[in-house]
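A, B, ... follow the sequence lines: proteins, then strands. Residue 1 opens every chain. Here the structure is a predicted model, which is why all the values come from computation and not from measurement.
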2 protein chains.
Amino acid sequence: MAQAQRQPKFRRAPPEVRREALIDATLVCLRTHGHAGLSARRIGSLAGVSPGLITHHFPSLSALVAAAYESLAMSLLHSIEQHAREAKTTARERLRRFFRASFAPRLLEPGLFNAWLVFWSMMAHDARVRAVHNRTYVAYRAVLESMLGDLSGCGGIPPFKLRPAAIALAALLDGLWIEASMNARTFKPAEAVALCEDWINALSEGAFPSLLRSRSRSGGSRRFTRVSVRRG
Amino acid sequence: MAQAQRQPKFRRAPPEVRREALIDATLVCLRTHGHAGLSARRIGSLAGVSPGLITHHFPSLSALVAAAYESLAMSLLHSIEQHAREAKTTARERLRRFFRASFAPRLLEPGLFNAWLVFWSMMAHDARVRAVHNRTYVAYRAVLESMLGDLSGCGGIPPFKLRPAAIALAALLDGLWIEASMNARTFKPAEAVALCEDWINALSEGAFPSLLRSRSRSGGSRRFTRVSVRRG
DNA sequence: CCCACTGTTGAACGACTGTACAGCAGTATT
DNA sequence: AATACTGCTGTACAGTCGTTCAACAGTGGG
C-alpha cells in the first residue's frame, strides 16, 4: 500500500504562468473572504505556493491585487460585450442583451461585489489600483458609448451627447448592480433590466433635455421627433 | 512659568455622551484613513480615550462602526431632505434641490466615500452592519418615494409605479455619487444634477414604459399627456 | 474628609500582517 | 553524472490587530 512515492516539494513554473496562477488565486481569495482574503499567506496557500513568492513575482502584494483587478474587470467587460454583440440585430437589441448579461447570476454573485469593494478601497492609497480603475472605467464607458452611437445611427432618434449619456447609463447600471449585490431581495434582475431599457427608451424619445445635442434649451417639453419605439 | 498644573489623567463622562464621542471619532477616523482607520487604538486615541473603553461601551468594535454607520447615514439623509423641503415650492423644484444637495461639495468629499466603503465591506460579515444598511436604504428610498409621490400628485403626469421608480432613481443617484467620489474629473456636479433632472423629466413624460401604472403595454411611444416641463 | 461607586486605564494575550533574504532543491544543459 | 541556474521555500522581523481584566482614580454623596 504505502507507496511513499516522494513528491517534489514544489514545481518550477515560468514566471508568466506563475503570475497568472497568483492572479487567479487572488481573485478567488477576495471573492470568498472579502477584505480578509487580502493576505499574502492566504493567497499563497490557495495557489499552493509560499507567501514569499508573491513579492518575488510582483513588486508588492498591492501590485498583485491591481493586476487581478485589471484582469477581472477586463474579462467581465469582454464577456458581457461579446454576449451583447453575439447576435446581429438592432442596436437596441444589443443593448438589451448587454443589460441582461449585466444582471445575470454570474454577475450578481455576492463574492464579486466583495472583491470589487476591496479594489475600490485600495484606490485611495494605491496609485496602481487607481490607474487600473481609470483605465477600466474608461473602457467600460467606451463600450457603452459605442452601443449608444449605434443606436444614434438608427433613424428617428434625436441626436444626443454621447459622453454624458454613457456616464448616466453607466451610473444607472452600477447603482442597480451594487444594490442588487448587497441585497438580492430589493428587486429582481429582470426589473433592473427593464429599468435600463426604460432609460434607453427615454433617450430614444429625446426625453432627456440636457443630453440633446444643440437644439432649443427650452427644457425639452417638446420632443425632437415623435418616433416609433418598438423596432427603432 | 512652569505652573505644573496637574491635569487629571481622564475625565468621567456619562455613557451616552461617551458613546456619541466614540461614534464621532469613528467617523473622523474612517473618513481620513479609510480601512486603516478601523482600529480600536486609532479611534480611541482620536477620542482621547484608551482602546479598552470601546469594548466597555460597545459589545465590539464592529458594533461601534455599525452605530457610526447608522448615525452618519441618517444624518446625511435628514440633512439633504431638510435642504430639499426648506422651500415651499413644487415637487419638481424640491427634487431639484435634493439633487443639488446630493452633489454638493460636502457630499463629494473623498473621505465620505472611503467611510462608506468600510461600511459596505463589513456587511458581508457583520449582521449588525447589514441591518443598518437595510434600514437606512429603506429610509432613503422612502424619502425618494415621498417626493416622487408629490410629483405624481401634480396634474398632467401619468401615474407610475412608485417603488421601482424610487429604486431606479436611487440607483442613478448612487451610481453618479460613487463615480464622482472616486474620480472627481469624470464629470462636474452640475452635470450629475442635470442627468437626474433629465430622469425626472422623462418620468414626467411617461417615457419609462415599465414604470407606467396599468395603461397600454404598447411601449409608451405615445405619451400620456403633453405637459409643460417648466413650472410643472 | 472619607467612602463607595464606577468610568477608565494600560498591559498582556494570542494571532495576525507584508516584506526580506539566506539557502534549498527542481531542472536543463553539459 | 555533475553542474550551474534560478524558481522557490520558510523563517525572521517589526509591526499591527481586537479583546480582556485587574487595578487605578475621578467624582458625588454622606
Any pair counted as ring-ring contact (aromatic ring centres under 6.0 Å, His included), so long as it reaches residues 37-60 of chain A, sequence neighbours left out: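 Residue pairs passing ring-ring contact (aromatic ring centres under 6.0 Å, His included), neighbours aside: none found.
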
For DNA chain D, find the residues of [range] with a heavy-atom distance under 4.0 Å and give them by number; none if there aren't any.
| range | value |
| --- | --- |
| residues 62-71 of chain B | none |
| residues 20-40 of chain B | Leu38(B), Ser39(B), Ala40(B) |
| residues 115-132 of chain B | none |

Residue list, side chain to side chain contact (heavy atoms under 4.5 Å, CB included) with Asn134(A), at least two apart or on another chain: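 Side chain to side chain contact (heavy atoms under 4.5 Å, CB included) check on Asn134(A) returns Arg130(A), Asn183(B).
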
Rounded distance (nearest 0.5 Å) linking atom CZ of Phe103(B) with atom CD of Glu191(B): 11.5 Å

Non-neighbouring partners of Arg31(B) that pass side-chain hydrogen bond (donor to acceptor under 3.5 Å, both in side chains), sequence neighbours left out: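 Once residues adjacent in sequence are excluded, the partners of Arg31(B) under the side-chain hydrogen bond (donor to acceptor under 3.5 Å, both in side chains) criterion are Glu109(B).
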
With Ser60(B) via side-chain hydrogen bond (donor to acceptor under 3.5 Å, both in side chains) - residues at least two apart: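 In terms of side-chain hydrogen bond (donor to acceptor under 3.5 Å, both in side chains), with neighbours along the sequence ignored, Ser60(B) is linked to Ser62(B).
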
For Phe208(A), ring pair (Phe, Tyr, Trp, His ring centres under 6.0 Å) partners two or more places apart: Trp199(A)

Residues that Phe113(A) engages under ring pair (Phe, Tyr, Trp, His ring centres under 6.0 Å), provided they are two or more places apart: Trp177(A)

Just list the side-chain donor-acceptor pairs under 3.5 Å for residues 72-87 of chain B, sequence neighbours left out, or say none.
unit_1	atom_1	unit_2	atom_2	d
His78(B)	ND1	Met74(B)	O	3.2
Arg85(B)	NH2	Ser146(B)	OG	2.9
Glu86(B)	OE1	Arg97(B)	NH2	3.3

Annotated protein contacts, base or backbone, on nucleotides 8-13 of chain C with a non-hydrogen cut-off under 4.0 Å, one of B, S, - each: BBB-B-

Any donor-acceptor N/O pair, Asp174(B) side chain to Gly175(A) backbone, under 3.5 Å: no

Main-chain N/O of Ala67(B) paired with Ser71(B) side-chain donor or acceptor, under 3.5 Å: no

Quickly work out the [X] [atom1] to [N] [atom2] distance and round it to whole Å.
| X | N | atom1 | atom2 | value |
| --- | --- | --- | --- | --- |
| Ile54(B) | dC17(D) | CD1 | P | 11 Å |
| Leu61(A) | dA20(C) | CG | C1' | 15 Å |
| Ile43(A) | dC16(C) | CD1 | C1' | 15 Å |

side-chain contact (heavy atoms from CB on, under 4.5 Å) between Arg94(A) and Asp150(A), worked out: CA-CA 10 Å; Arg94(A) 281 205 302 278; Asp150(A) 295 348; 2.7 Å; yes

Of all pairs that satisfy side-chain hydrogen bond (donor to acceptor under 3.5 Å, both in side chains), the ones with a partner from residues 39-51 of chain B, not counting sequence neighbours: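 Those involving residues 39-51 of chain B do not exist here.
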
Minimum side-chain heavy-atom gap Leu61(A)-Thr26(A) below 4.5 Å: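 They are not in side-chain contact.
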
